[in-house]
Amino acid sequence: MRSHLPAEISCFSVLQWPITTTCMLQGPEQSGSEKESGSSSKVAGESSQSTVEPKEEGQPNSGATRKQVDLRLQGSLSAALEDTNLVGRVLDETKVVDLVLGATKRQEYIFVYGVDGIGKTALIKSICQNEKLRGMFERIATFNMRDPFSYHEFLKTAKHKLDPKKKKTDAFRIRNKGNVSLPDQRSKVNLIVLDDVSSKKDLDAIEPALLDPQINMSRVIITTREPSFAELFQRRHNLKPLKDEDALKLFEKKVKIDLQVKKLSGVAKEIVAKCGGLPQVIITVAGSLQERPNIKEWERTRDRLSKELENNPKLKDTNRILTSGYKNLPPNLKSCFLYLSVFPEDNMIRRRCLVRRWIAEGYSSEKHGMSAEEVADKQFQDLINRNMIQPYRTTSKIGTSGESYFFEFQNLMHSISRKMSAKENLVLVLDENEQSNLHAKSRARHLTVMEGWSREGRKSNALESIVDLSCIRSLTVSGEYKPFFVSKKMRLLRVLDLEDTYGLRDRDLTSISKLYHLRYLSLRGSEGIFHLPDAIGNLLNLETLDVRGTMVTKLPSTIVKLQKLKYLRSGIVACNEDESCTIAPEALRYYCSMVSKVSFGKETIYEGMEELDLKILVPLISLVANVWLRNLDPHGVEVPRGIGKLRALHTLGVVNVARGNNVLKEIEKLTQLRKLGITGINKNNCNGLKSIISNSHLQSLSMRAEGDDGLVGCLDMDVSSGFSDGIPPLEDLRSLKLFGNLGRLPEWIEELPSLVKLTLRSTLLQRDTIEVLETLTNLTTLRLLDRSFKGDELHFRKGTFASLTLLEVDGLDNVNSVVFEKSATPNLKLLKIGCWWNWDTDCCSFTGIQHLQSLSDVLLQGLYNGSWEENLKESDAGLMKRFKRRLAKKKEFKEKLLAQLVANENKPTLKME
């Protein structure tokens, strides 16, 4: 007779080796995230025919008789044999199997962790059928762990299921009835799978049973949703969301509709993008659309997916899965997660912006010997590990620790954060939809004004009638800025984020300078700001001041009063600082063109900027005059005397040091400085620069010099005598950016033990410099940008750049080819290539990409996007012919690139940026 399982445990798999294939005996309950969903027996691309025939909602009937279960098994085994592969999980399966096989101790734990709905249980089911495990274990038993845990019941059930004297299961007899001969000798150890263990405490309670001699355990695979638990153990694998391509394959497989025939492929991609790569969400949404192959219905689902999850009965289980991800967060992460709703949906968000805002709000503070910055970084990484947020998919900007500069808040998670934060009266978001839902004056702590919220006809007390301003701790504005957004009643305001707003003027900063509790002020990207007022010095609690991307070229003298200031970012951003056109003449032409457009009566400076008024014209002309007459580099700012008094500064840049060594001497006093950006380097201040280079505390350094001389001679240092007490300079340096003519790299770069990120632009280095870079064994990120090399070929030799994970090649006019030998850059995951359709020069060729064994993504930037052709239809026919000829070459380049990607065993994805 079938044994009765205890209420606490459901054993859904006991396998006996060796057999040709396996089946799953499933108890009455599912595990983990899959418990919460009716369709969870098919997760992450699991076989479309489950090994146990599910009910309509996906759960086996807990009241089924033994005979009924046997019949289901007979009907499903042959179907399982036809399709047992998970969609997009081949590498994950291989990784976990290798962790099992590679364990060296007699008894070891292997962890698979990820959020609910990610497909942990489905992956483990597939792994249990893996060929490599046959013969290694006598039996494999999988248990769904459920509260409350009973030690004695677990031990009793485990012994019964793993009893070597016990007859083979009925499922085994069904499979083996074809007279398959089995060897008599088998391994005498067992593999145990514990599905959905929530904590170390729970594992400690189970462990004595696992060590019982009758259990005879050799390996234990544990699935959990808790990253902090899994990270206590060395052998672990983090199950990530599916890639876009795999997510679409899974959707198409489950919806069972030919998307091309029904002309639904476009809207299908958009729906899948909103599912965040969670297999359970994709499967459930696909199932709900299966009987509605109508483009209007699909578009309605796309536009209202978050509402559909709440209101559609078929999708409510999926909504519970997503919500459970929030409910399972520890209290400190719950606050951080809810705070994310202040940002617009589907936006690329800067990581450092969020982390510094958390610190300013008090969500991240010093704890257990960790600084507030370290705590915030850990909280951010915890949310990444739990897949609550994701690194931005199409950016190649990676920090010195391998983290992405940008992240995205997936659509459905954003909806949950917005809903929960509103319920907790934490965040109030004003946009075209949500303001109509307000029935009473809000007392939210955080206010966000979206671009879609109508400003037209609003009176000066518009916000006061909606929210109690005295409660507001942070204000975030997107789109147009209006003076009434900031009120003197916001006495406790700590964070003011006006990044990329338009309509903001110098005169508006007067009222902002009276917000004495401000800790975080961002004016980044506000092109209407030319000067900071002296009153900015009254913000004595300010920790972050970001005026990067404004027209500010000089900081006021009162800035030195801000003794708590830790992060000071400034300087006019050139057309993508990390890429090519960043020399001063280019910037000067840019500003002059702005003024000329104003002079000729144009309504806007450039596309996307607000209508001009006369008050912006005067400072604009003054800026151009300064750039021209004083040979000013607009990419940095002049800082006042006494800047060295800001002893708390951690980040400073970009500073213009062209006026001599005094500024560099002041910078030497900043003992807490870890990140520095300087421009205006020349022969007159080279000696002072060398003192900065010898500062062993810097972790990130950016140096820029324009003109023909560039950085030549300014970075030379005698290796034998230039270092004090034999200590290399910048021994903590992790990131180095060099912009300007060098000819050759200074010798001391080879002595940087911690360098992981190197960016070169306009350095005009000789071809053999690549051999110098090969000696940087810890280098993970290498960017070779506009005119960084003069040779005709870049050659990556066998066994070199072993740590490199990101390589960017862009704007190398003189380089004809980039060659990768077999086994070169063995850990390269992301290759970014700049191939601009409107350049006269051809893109340099790439060969050997098929040998890059770890490559997962190639980002191709600059190819034709279809926007220019319409503008040329009525233009010169010869110009059109020239462009089309150039475009044909770029397309040929892309096709050759694709051919190498197809030949790569890792099947990298090509993305256009």
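These numbers come from the heavy atoms of this one structure, side chains and all, not from hydrogens, waters or symmetry mates.
A side-chain donor-acceptor contact under 3.5 Å links S854 to the backbone of P826. In this structure, the side chain of T825 does not engage the main chain of L828 through any donor-acceptor pair within 3.5 Å. A side-chain donor-acceptor contact under 3.5 Å links T805 to the backbone of T780. No donor-acceptor pair under 3.5 Å is formed between the side chain of N778 and the backbone N or O of V756. Remark: the backbone N or O of D196 is paired with a side-chain donor or acceptor of T223 at under 3.5 angstrom. Formation of a donor-acceptor pair under 3.5 Å by the S856 side chain with backbone atoms of K829 is found in this model. Remark: the backbone N or O of D116 is not paired with any side-chain donor or acceptor of R225 at under 3.5 angstrom. The closest donor-acceptor contact from the side chain of R219 to the backbone of A103 lies under 3.5 Å. With hydrogens and angles disregarded, a donor-acceptor distance shorter than 3.5 Å links the side chain of N904 to the backbone of I849. Of the possible polar contacts, none joining the E245 side chain to the T909 backbone as a donor-acceptor pair under 3.5 Å is found.
The closest side-chain heavy-atom distance from K200 to L232 is below 4.5 Å. Between N827 and S803 there is no side-chain heavy-atom pair separated by less than 4.5 Å. Counting only heavy atoms from C-beta outward, the side chains of N332 and Q379 approach each other to under 4.5 Å. At a threshold of 4.5 Å between non-hydrogen side-chain atoms, the residues D382 and S228 do not count as touching. The shortest distance between side-chain heavy atoms of E93 and L123 falls below 4.5 Å. Between L855 and L901 the shortest side-chain heavy-atom distance falls below 4.5 Å. In this structure, the side chains of V220 and L194 come closer than 4.5 Å at one or more pairs of heavy atoms. A 4.5 Å side-chain heavy-atom check between E821 and H851 finds every atom pair outside the cut-off.
Across all their heavy atoms, F137 and N190 have their closest contact at CD2-C, 3.7 Å. Here the shortest heavy-atom pairing between P279 and G117 reads CD-O, 3.3 Å. Heavy-atom minimum distance, I140 versus C128: CG2-SG, 3.7 Å. Looking at every heavy atom in both residues, G114 comes nearest to N238 through CA-OD1, 4.4 Å. Closest heavy-atom contact between P391 and E408: O-OE2, 4.1 Å. The heavy-atom pair separating I271 from F251 by the smallest distance is CG2-CE1, 4.4 Å.
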**Request:** Walk me through it: do F337 and F409 pass the test ring-ring contact (aromatic ring centres under 6.0 Å, His included)?
**Result:** CA-CA 10 Å; F337 176 76; F409 201 14; 5.6 Å; yes
**Prompt:** Going through the checks in order, is the side-chain contact (heavy atoms from CB on, under 4.5 Å) test met by E231 and Y113?
**Reply:** CA-CA 9 Å; E231 287 167 0; Y113 64 101; 4.1 Å; yes
**Asked** Hey, mind stepping through M413 and I389 against side-chain contact (heavy atoms from CB on, under 4.5 Å) and telling me if it holds?
**Response** CA-CA 8 Å; M413 287 298 178; I389 56 178; over 6 Å; no
**Request:** Start with the C-alpha distance between D246 and R89, add both sets of side-chain angles, then the distance that settles side-chain contact (heavy atoms from CB on, under 4.5 Å), and finish with yes or no.
**Result:** CA-CA 9 Å; D246 293 325; R89 293 302 192 197; over 6 Å; no
**Request:** List the steps and the verdict of side-chain contact (heavy atoms from CB on, under 4.5 Å) for I222 and I192.
**Result:** CA-CA 8 Å; I222 297 175; I192 308 295; over 6 Å; no
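For NZ of K243, the number of neighbouring non-hydrogen atoms (other residues, nucleotides, ligands) closer than 6.0 Å is greater than 12. Around NZ of K249, the count of heavy atoms belonging to other residues, nucleotides or ligands within 6.0 Å does not exceed 12. The neighbour count for E374 CD, taken as heavy atoms of other residues, nucleotides or ligands under 6.0 Å away, is above 12. For NZ of K907, the number of neighbouring non-hydrogen atoms (other residues, nucleotides, ligands) closer than 6.0 Å is greater than 12.
A salt bridge links D857 with K911: at least one charged nitrogen is closer than 4.0 Å to a carboxylate oxygen. Contact check on K95 versus D92 returns no salt bridge, with no Lys/Arg side-chain nitrogen under 4.0 Å from an Asp/Glu carboxylate oxygen.
Y109 and E207 are linked by a side-chain donor-acceptor pair at a separation below 3.5 angstrom, with hydrogens and angles left out of the test.
T224 OG1 to R236 CZ: the interatomic distance, rounded to the nearest 0.5 Å, is 12.5 Å. Distance check: L859 CG to L831 CG gives 9.0 Å after rounding to the nearest 0.5 Å. With rounding to the nearest 0.5 angstrom, the CG atom of L155 is 12.0 Å from the CD1 atom of I206. Expressed to the nearest 0.5 Å, how far CG of L99 lies from CD1 of I127 amounts to 9.0 Å. Considering CG of L383 and CD of Q390, their distance stands at 12.0 Å, rounded to 0.5 Å. Atom CG of L191 sits about 7.5 Å away from atom CD1 of I110, to the nearest 0.5 Å.
Relative to the six-membered ring of Y326, K334 meets both conditions, a distance below 6.0 Å and an angle of at most 45° to the axis.
Ring centroids of F796 and F801 are separated by less than 6.0 Å, placing the two rings close together.
Screening L250, V255, L248 for a side-chain contact (heavy atoms from CB on, under 4.5 Å) involving I282 leaves a single residue, L250.
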